[in-house]
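The block underneath contains the structure these notes are about, expressed in structure tokens.
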Amino acid sequence: MSTTDQSAPASGAASPGDAPAQRYTAALAAQLELAWQQRWADEGTFEAPNPSGPWGDAAAVAGREPLFVMDMFPYPSGAGLHVGHPLGYIATDVWARYQRMNGRNVLHTLGYDAFGLPAEQYAVQTGQHPRVTTEANIANMRRQLRRLGLAHDARRSISTIDPDYYRWTQWIFREIFESWYDPEFLRPDGGRGAARPISELREAYASGRRQPEDGSTWADLDDVARRRLVDAQRLAYVSDAPVNWCPGLGTVLANEEVTADGRSERGNFPVVKRPLRQWMMRITAYADRLVDDLDRLDWPEPVKAMQRHWIGRSTGAQVRFALLDGPAEGGELEVFTTRPDTLFGVTFMVVAPEHSALDDLPATWPAGTPENWTGGAATPAEAVAAYRAQAAARSEAERTDEGRTKTGVFTGLHAVNPITGTAVPVFTADYVLAGYGTGAIMAVPGQDERDFAFAERFELPVVRTVQPPEDFEGGAYTGAGPAINSSNDDVDLDGLEVAEAKERITAHLERTGAGRAVTTYRLRDWLFSRQRYWGEPFPIVYDEDGLPVAVPESQLPVLLPDVPDYSPRTFAPDDVTSEPSPPLSRVPEWVNVTLDLGDGPKQYRRETNTMPNWAGSCWYELRYLDPQNGQKLVDPEVERYWMGPRAERAVRAADGTAVKDTGGVDLYVGGVEHAVLHLLYSRFWHKVLFDLGHVSSQEPFRRLFNQGYIQADAFTDVRGTYVPAAEVEETTSPTGAREFTWQGEPVTREYGKMGKSLKNVVTPDDMYEAYGADTFRVYEMSMGPLDDSRPWETRAVVGSQRFLQRLWRNVVDEATGEVLVTDAPADPATRALVHRTAAGVAADYEALRFNTAVSKLIELNNELTKLSSVPREAAEAMVLMVAPLAPHIAEELWSRLGHSGSLTFEQFPQADPALLVQQTVTCVVQLQGKVRDRLEVPADITEATLRELALASPALQRALDGRGVRTVIVRAPKLVNVVPA
RNA sequence: GCCCCCGUAGCCCAAUCGGCAGAGGCAGGCGCCUUAAAAGCGCCUCAGUGCGGGUUCGAACCCCGCCGGGGGCACCA
């Protein structure tokens with residue numbers, strides 16, 4: 001390589017006109033960028049040593065703080081990258097390069113999340129095997145990213161479709177399958193509840209320490225019954241519960257993948273609920289820990305809020321109401337409420353249409369049943385049957401669309417309030433959800449808006465049990481206030497505030513046995529199987545009893561078979577009667593196998609579902625650490641080194657106290673769209689691995705940062721058709737409005753995403769070609785704060801190129817290539833500016849404020865440009881400071897300045913504190929907040945002196961215009977504010 | 001409907017603890033260099049912080065109410 005070769009760029013390069021031979025043009029940038037990229041690769045510059053194992057290097061690790069930086073796992077799209085994609089990658093690269101220059105041992109790499117629906121669909125379109133297209137896409141993306149100059153450890157890049165990788169995905173599944181959740185287990189970290197080997201559960205049953213809940217006895221159960229009992233408690237289990245079936249995609253989906261209006265997040269197809277035999281993950285066992293540990297993470301608050309809401313923990317009480325009337329007499333109706341303090345205000349009850357209490361109803365309407373309660377039916381059974389049919393026919397979306405109008409019907413039943421002894425009517429209505437709490441509620445219209453709306457509709461009484469403010473005029477009052485109308489001989493809540501009232505009534509309920517304190521969650525178990533081809537096969541076979549057995553560790557991976565027919569069987573989007581048909585089930589020679597699982601060769605049938613897209617991304621951060629390990633998913637020593645908890649990295653709570661560190665990745669950057677899906681699933685898997693002793697960190701990602709999106713203008717003509725955005729011309733009308741034309745015709749600007757169909761895609765390749773990678777990197781970082789979304793503007797990129805060009809010219813003669821810096825010391829002003837810049841830029845880099853770091857560097861560079869010649873000390877500092885942002889030009893200049901090695905591990909310029917304090921400062925003199933004068937004063941001036949100086953200011957005196965002085969506020973040395981009498 | 005974030009020059013964005021509204025870039029203007037040109041050089045223009053109140057000696061920043069934009073949730077008892 002020839003980094004010091006000062007000959008002109010290759011003649012074939014697109015160098016405009018007769019530009020000086022050594023001008024920093026796109027062509028010269030390309031030349032030196034490619035050369036440096038090759039040198040970094042050849043020298044393994046960014047390969048991070050491990051403390052042990054195949055890449056272990058104790059000497060290289062000693063004395064350097066480890067730092068683990070990650071980007072969210074990209075999916076290798078067939079369309080390639082556009083300029084919006086690398087934003088986060090550049091940001092993490094700048095940060096990581098900066099940290100390396102401060103002595104950190106940085107691990108930064110990027111792998112590919114290559115299984116999943118989009119890869120399969122793309123393969124279907126192109127008629128090729130998904131592996132072929134996916135691997136081609138990965139190769140293209142690797143090329144685009146290498147050209148960007150990312151300082152990744154290429155050895156650690158993994159791909160989820162690699163059998164050496166998915167072997168461990170299957171291994172983790174196996175670990176989860178072979179575990180149950182013991183809520184009593186005392187964890188090493190002090191908490192209660194942990195995943196434990198399933199053998200412990202079996203032993204507990206065998207020894208009699210634990211009894212089956214259904215009253216049976218372990219000793220009396222046959223082998224199959226015992227297995228069913230144990231299987232039902234595994235963390236990965238088979239369930240027949242209703243699931244989200246999406247005919248249009250031909251697969252089932254997790255709750256997290258279904259939108260609020262009942263459609264698939266991907267493809268926007270209708271989704272219906274129907275019972276199907278599917279694999280589930282018991283994520284609900286971790287609900288409490290997933291909520292509680294959010295407080296220990298340095299994550300954006302909105303993401304934490306979304307996870308908290310998704311988990312939806314609410315505390316309250318379950319209360320039992322005795323049923324009267326008809327065949328149900330003697331039965332009970334159990335409700336969940338977060339407001340047990342309002343029990344005195346219960347005037348009716350509501351059960352979900354699916355509730356089992358509706359199976360036994362009185363034969364006739366009770367005497368005096370109002371006409372509008374019956375739905376026009378002759379008997380309660382008919383009314384309820386009709387309502388159930390109506391509710392079942394309604395989709396999730398329709399139920400929501402109906403908005404505020406409550407529907408429902410009386411069941412003929414009454415139930416007795418256990419506190420007041422009053423009998424209240426029981427209704428069924430679809431505003432009560434079967435899947436939450438107990439599927440039944442006590443209705444308190446005085447304190448609940450939904451209940452109030454229902455009560456109005458059916459003319460039910462309203463009893464207030466919380467005193468609203470005097471000016472309150474609404475229906476239901478949900479706010480704070482003292483309890484009223486809430487006492488009898490046994491219990492008295494009157495006058496208590498809501499929280500106290502809850503406490504007292506809950507204690508009373510527990511004492512009398514009428515209820516108990518209970519916590520419920522919105523979170524459901526995670527539906528884990530998909531009827532697709534392009535995913536990880538389950539390491540599961542079924543024996544002659546039809547029960548699942550894990551494939552032994554020694555037989556992993558279970559390879560995804562090559563099949564002629566890999567395309568999924570999909571259906572008309574509204575075909576609700578369709579049945580899932582996994583592609584793997586159509587390969588009988590793969591499905592039916594003879595295996596010896598320890599008791600001789602037997603026939604088994606393989607699981608034909610595959611894992612969801614999320615599986616591979618649930619643990620990939622761990623494999624980055626030790627990708628070549630054939631014995632373990634990660635060497636525990638290596639995991640502890642990179643991700644283990646460290647007291648000094650703990651986040652601070654709101655009150656400033658340090659929270660116990662969870663460990664995990666030091667910086668994880670990606671889009672906010674994964675707030676609940678990927679980030680919740682991977683936290684769950686990580687905690688299981690922690691419980692089972694495979695990792696020392698309690699959370700996968702200690703710090704999370706959500707980058708914004710780069711958006712782009714798109715333009716439509718009069719017909720509404722998109723026109724090529726690159727060809728649109730902008731003019732400013734006489735009135736100052738911006739106007740846009742394409743081929744002379746006016747077009748309309750739309751602001752949105754970048755995409756092929758919008759004809760507004762700009763690719764990194766376009767930018768490399770026109771400006772070079774460094775310019776592109778600087779521009780992306782200078783556009784605005786990393787977490788803001790902002791519009792792409794190609795014509796503005798030139799500003800970043802001018803900056804690098806000026807930097808180049810400050811060091812190198814454009815015509816001769818001669819190095820121009822002088823060895824004379826910098827003048828004090830220049831030196832001070834260099835040090836101020838170093839301090840500011842370091843702080844900006846550290847805090848991911850790259851836009852302001854760029855502006856400080858431009859400012860310094862502009863100052864250096866004004867000097868007759870640039871002193872070496874300033875030039876070298878400048879080069880080192882710009883290196884994280886524009887590494888190629890920095891390496892090249894560093895090299896031309898006479899250094900033989902890469903600057904990757906050079907110390908980032910450190911500011912001398914003595915040079916940061918300014919000798920004199922400008923003090924503003926204000927009169928009532930308005931600036932009237934400016935004074936140059938010594939930085940260490942005393943308040944009294946400054947006060948006198950300011951009051952003596954002629955400009956101030958003029959402004960005072962003879963008025964007296966009431967107060968003088970002095971903030972030495974920068975400000976004096978005079979308040980006139 | 002509820003919750004969260006954001007509104008600063010024609011555009012993208014700075015302003016560290018409530019203390020001089022402008023760091024940087026784009027676009028625009030003038031000039032220089034040039035046979036010519038710009039992806040060159042120099043200089044310049046441009047806002048009083050979405051609107052209305054309040055607190056304060058002092059508000060882009062804190063509080064209240066609107067308006068506009070973005071995101072999340074949406075019968076979760």
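Hydrogens, waters and symmetry mates play no part in the numbers below; they use all other heavy atoms, side chains included. Naming convention: chains lettered A, B, ... in sequence-line order (proteins, then strands); numbering from 1 in each chain.
Pair check for B:C30 finds B:G42; Watson-Crick or G-U wobble, both atom distances under 3.5 Å. Judged by Watson-Crick or G-U wobble contacts below 3.5 Å, the nucleotide B:C62 has B:G54 as its partner. Checking B:A15 for Watson-Crick or G-U wobble geometry (two distances, each under 3.5 Å) identifies no partner in any strand. As the counterpart of B:U49, no nucleotide is assigned, since no Watson-Crick or G-U wobble pattern has both distances under 3.5 Å. The partner of B:C73, taking Watson-Crick or G-U wobble pairs whose two distances both stay under 3.5 Å, is B:G1.
The separation between A:Glu936 atom CD and B:C20 atom C1' is 13 Å, rounded to whole Å. Look at CZ on A:Arg308: it is 19 Å from P on B:G72, rounded to the nearest Å. In this structure, CG of A:Asp713 is placed 14 Å from C1' of B:G10, rounded to the nearest angstrom. Put simply, CG on A:Leu807 is 16 Å from C1' on B:A39, counting in whole angstrom units. Separating the CZ atom of A:Arg932 from the C1' atom of B:G19 is a distance of 16 Å, rounded to the nearest angstrom. The distance between atom CG of A:Leu333 and atom C1' of B:A77, rounded to the nearest whole Å, is 13 Å. What separates CD of A:Glu780 from P of B:C26 is a distance of 17 Å, to the nearest Å. With rounding to whole Å, A:Gln707 atom CD is found 20 Å from B:G70 atom P.
In textbook terms, a nucleotide whose glycosidic angle is within 90° of 0 is syn, while B:G65, being further out, is anti.
Among the heavy atoms of the strands lying under 4.0 Å from A:Val931 are primed sugar atoms or P, OP1, OP2 only; no base atom is included. Within the 4.0 angstrom heavy-atom criterion, base atoms lie near A:Ile969. Backbone-only contact: A:Asn862 has heavy atoms under 4.0 Å from sugar-phosphate atoms and none from a base. Residue A:Gln801 is classed as a base contact, given a heavy-atom separation below 4.0 Å to a base. As judged by a 4.0 angstrom heavy-atom cut-off over every strand, A:Thr967 is placed among residues making no nucleic acid contact. At a threshold of 4.0 angstrom between heavy atoms, the contacts of A:Ser314 are confined to the sugar-phosphate backbone, with no base atom among them. Heavy atoms of A:Gln805 sit under 4.0 angstrom from primed sugar atoms or phosphate atoms, though from no base atom.
Nucleotides B:U16 and B:A9 have their C1' atoms positioned 23 Å apart, rounded to a whole Å. The separation of B:G28 from B:C11, taken at their P atoms, amounts to 15 Å, rounded to a whole angstrom. Using C1' as the reference atom, B:C67 and B:C51 are 7 Å apart when rounded to the nearest Å. A gap of 36 Å separates the P atoms of B:A27 and B:G18, to the nearest Å. Only the P atoms considered, B:U34 is 16 Å distant from B:C41, to the nearest whole Å. Separating the P atom of B:A15 from that of B:G53 is a span of 28 Å, rounded to the nearest Å.
Between the base of B:C75 and the side chain of A:Lys406 there is a donor-acceptor pair shorter than 3.5 Å. Between the side chain of A:Gln926 and the base of B:G19, a donor-acceptor pair under 3.5 Å is found. Residue-to-nucleotide contacts include no donor-acceptor pair under 3.5 Å from the side chain of A:Arg795 to the base of B:C26.
In this structure, A:Phe454 and A:Phe427 have perpendicular ring planes: the angle between them is above 60°, well past the 30° mark. Ring geometry for A:Phe850 against A:Tyr845 counts as tilted: the plane angle lies between 30° and 60°, on a 0 to 90° scale.
Looking at the side chain of A:Arg806, the nearest of the listed nucleotides B:C26, B:G42, B:A38 is B:G42. Here the nucleotide nearest the side chain of A:Arg971, chosen from B:C57, B:A38, B:C75, is B:C57. Comparing B:A38, B:C20, B:A77 against the side chain of A:Val924 picks out B:C20 as the nearest. For A:Glu859, the side-chain atoms get nearest to B:A23 when compared with the rest of B:A23, B:G72, B:G19.
For the atom pair CG of A:Asp813 and CZ of A:Arg23, the computed distance is 11.0 Å after rounding to the nearest 0.5 Å. For the atom pair CD1 (A:Ile283) and CD1 (A:Ile311), the distance works out to 7.5 Å, reported to the nearest 0.5 Å. How far CZ of A:Arg809 is from CZ of A:Arg802: 11.0 Å, rounded to the nearest 0.5 Å.
Between A:Thr478 and A:Gln447, the side chains place no donor N or O within less than 3.5 Å of an acceptor N or O (distance only, hydrogens not considered).
Under the side chain to side chain contact (heavy atoms under 4.5 Å, CB included) rule, A:Arg339 has a single partner from A:Val466, A:Val444, A:Asp448, which is A:Val466.
Comparing A:Ala770 and A:Ile858 by the nucleotide of RNA chain B that holds the closest heavy atom to each, the one mapping nearer the 5' end is A:Ile858. When the nearest nucleotides of RNA chain B are assigned to A:Val798 and A:Thr865 by heavy-atom distance, the more 5′-ward of the two goes with A:Val798.
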All N/O contacts under 3.5 Å from nucleotides 12-17 of chain B to the protein, with atom names and distances to one decimal?
from, atom 1, to, atom 2, distance (Å)
B:C12, O2', A:Met783, O, 2.9
B:A14, OP1, A:Asn851, ND2, 3.3

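In summary, A:Lys856 and A:Glu859 do not engage in a salt bridge, as defined by a charged side-chain N under 4.0 Å from a carboxylate O.
Distances shown here put every side-chain N or O of A:Arg809 at or beyond 4.0 Å from the OP1 or OP2 atom of B:G40. At the phosphate of B:A74, OP1 or OP2 sits under 4.0 Å from a side-chain N or O atom of A:Arg522.
Other residues, nucleotides and ligands contribute over 12 non-hydrogen atoms within 6.0 Å of the CD atom of A:Glu334. Within a 6.0 Å sphere centred on CZ of A:Arg308, other residues, nucleotides and ligands contribute more than 12 heavy atoms.
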message: Between A:Leu87 and A:Arg790, does the side chain to side chain contact (heavy atoms under 4.5 Å, CB included) criterion hold? Intermediate values first, please.
response: CA-CA 11 Å; A:Leu87 180 70; A:Arg790 46 260 159 89; 3.3 Å; yes
